[in-house]
Structure formats: structure tokens, C-alpha cells
2 protein chains.
Amino acid sequence: MTNTLDLVRGKWKPALLYYLAEESPRRFGTLLRLFGGLVTQHTLTQQLREMEHDGLVTRVVYAEVPPRVEYSLTDKGYSLRALMEQIYQWGEQHVG
Amino acid sequence: MTNTLDLVRGKWKPALLYYLAEESPRRFGTLLRLFGGLVTQHTLTQQLREMEHDGLVTRVVYAEVPPRVEYSLTDKGYSLRALMEQIYQWGEQHVG
DNA sequence: CTGCATCCTGAACGATACTG
DNA sequence: CAGTATCGTTCAGGATGCAG
């Protein structure tokens, strides 16, 4: 279970799950702008790579100039997003 | 939702939730021994106090010599424990 | 027995500058 | 545009010793 929580152990991962579930694929720059300067490129890249490693997102690089990289949610990612929704619902009842 | 995850943001909190759901109340020393030296007094005290502050456990001090302190799970604690079970189930299916 | 005080380490995250 | 490289800060958690 801790293993599951580890998948969202990362400051921006829950939000990334949310944004990518809302619309996939999304470009790196788009995601960066969605956070409005609250997160750095460094950190965003890091968290996306970890999520890719965990099988939550897929990363597709297009050989173009300028470069384009798109991130999409996997089935596992969508499933985890649904679980997060459960958790959110619990919070609504017990925390307010 | 992050607010909910914050309640178990703490290395030993999920385990404490588990042990206290299994049997309440439990003494401090008992909990400490359950972890078999993997956690220090310092950290265990800290996490229990945070859980108390979050309304997950109640702390009862008995004015005896030697001192006795017992921790119990609250209704909210049991409820969170149930949610953790949901999370665990998800992990079984998607992580193995 | 329980827990507080102090010090310390490691990992997460941010700031900034540079590159294909 | 989408990174990588470095460095600095913060903070959870551990080690150890002391106290009621």
C-alpha cells in the first residue's frame, strides 16, 4: 500500500495526474504553463520521468525543429487517477 | 485530496493505523516494540502526536508510576484505515 | 516508561545557467 | 522547445543523551 502511495509521492504528481486525465497528450511546455511558474523545468521533468518509469505516463518525442515532446496518461495512470478521486471524496467527508 | 494524503505523510503512520486498528488502545512501548527497533522513540512520538493533532488517534496519560500512555484509534482513524485498505487493494491489482 | 532537546544526514525541491 | 548540470535550501527522520 505504501508502494501505491509512493506513486504519488512527489509534489506535483497528483496535479499531473489530474491535468493529463483532463486532456492527453499534453506538451511539456503546456504542462509547465498550467502550473503558472510554481514549478521549475527541472522538477517537472524529474516528476514526469518518474511517472514514466512507474508506468503512469508515456513520453513521445517527435524529431522536429523545434522539438516536441508529448506526455499521455496510460491505463494505469487513469486507474490511479480514479483512486485519487476516491481519496478526494473521503477528504470531503472527513476533512471538509 | 492532497490534504487527505498529508494525513499519512509520515513514514510510520500507515503502519500505526494498521496496528491500532488491529488493537486499541496500545501502549507506547508496545508500539515501539512492534516496529522492532526500526523506528526511534523520537520519531514514533512525533508521528503519534501529529496523528493526535489530525484527530486520528487519542492519547490518554495515566498518572501512575511508572507512567503509562495509551493510544487509541478514533472513528476518523478507523475510517482512514478503511480507505487505506482500498488503496492497498488497488496496489494488489496494478502493482502486484 | 515515556518523551523532550540537540545535533546530524539524506532526499526532495527550487534557482539559475547552459545546450541540441 | 525541452531538456541537462550545479548548487543551495528545507525538512523528515535518525542518533544520542537527559528528565519527570
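Source: prediction; values computed, not measured. Chain A is the first sequence line, chain B the second, and so forth, proteins listed ahead of strands; every chain is numbered from 1.
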Write down the distance between [atom1] ([X]) and [atom2] ([N]), rounded to a whole number of angstrom.
X: A:R68; N: D:dC1; atom1: CZ; atom2: C1'; value: 11 Å
X: A:R26; N: D:dC1; atom1: CZ; atom2: P; value: 17 Å
X: B:E52; N: C:dG3; atom1: CD; atom2: P; value: 10 Å
X: A:R9; N: D:dC11; atom1: CZ; atom2: C1'; value: 15 Å
X: B:R49; N: C:dA5; atom1: CZ; atom2: P; value: 11 Å
X: B:L44; N: C:dT2; atom1: CG; atom2: P; value: 10 Å
X: B:K11; N: C:dA12; atom1: NZ; atom2: P; value: 12 Å
X: A:L48; N: D:dT4; atom1: CG; atom2: C1'; value: 15 Å

B:Y78 side chain reached by B:L20 side chain, heavy atoms, under 4.5 Å: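 The answer is no; the side chains never approach within 4.5 Å.
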Side-chain heavy-atom pair B:L17, B:V57 within 4.5 angstrom cut-off: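 No, their side chains stay 4.5 Å or more apart.
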Out of [options], which nucleotide sits closest to the side chain of [X]?
X: A:T45; options: D:dG13, C:dT2, D:dG3; answer: D:dG3
X: A:R27; options: D:dG3, D:dG14, D:dC1; answer: D:dC1
X: A:V69; options: D:dG13, C:dG14, D:dA2; answer: D:dA2
X: B:P67; options: D:dG20, D:dG13, D:dG3; answer: D:dG20
X: B:Q41; options: C:dC13, D:dT4, C:dC4; answer: C:dC4

5′-ward residue of the pair B:H42/B:G29 relative to DNA chain C: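 Its nearest nucleotide lies further toward 5', so the answer is B:G29.
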Main-chain N/O of B:D54 paired to B:K76 side chain as donor or acceptor, under 3.5 Å: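 Flag set: sc B:K76 to bb B:D54 pair under 3.5 Å.
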Does the side chain of [X] get closer than 4.0 angstrom to OP1 or OP2 of [N] through an N or O atom?
X: A:T43; N: C:dG14; result: yes
X: A:Q47; N: C:dA12; result: no
X: B:R59; N: C:dG3; result: yes
X: B:Y71; N: C:dG3; result: yes

Pair A:S79-B:W90, side-chain donor/acceptor within less than 3.5 Å: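 The criterion, which ignores hydrogens and geometry beyond distance, is satisfied for B:W90 and A:S79.
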side-chain hydrogen bond (donor to acceptor under 3.5 Å, both in side chains) partner of A:Q89, chosen from A:E92, A:E85, A:Q86: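 Per the side-chain hydrogen bond (donor to acceptor under 3.5 Å, both in side chains) rule, the option paired with A:Q89 is A:E85, out of A:E92, A:E85, A:Q86.
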Sugar-phosphate, base or nothing in reach of A:L38, heavy atoms under 4.0 Å: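 Here A:L38 touches the backbone only, sparing every base.
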Sugar-phosphate only, base, or nothing, as touched by B:R33 at under 4.0 Å among non-hydrogen atoms: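 Result for B:R33 = nothing.
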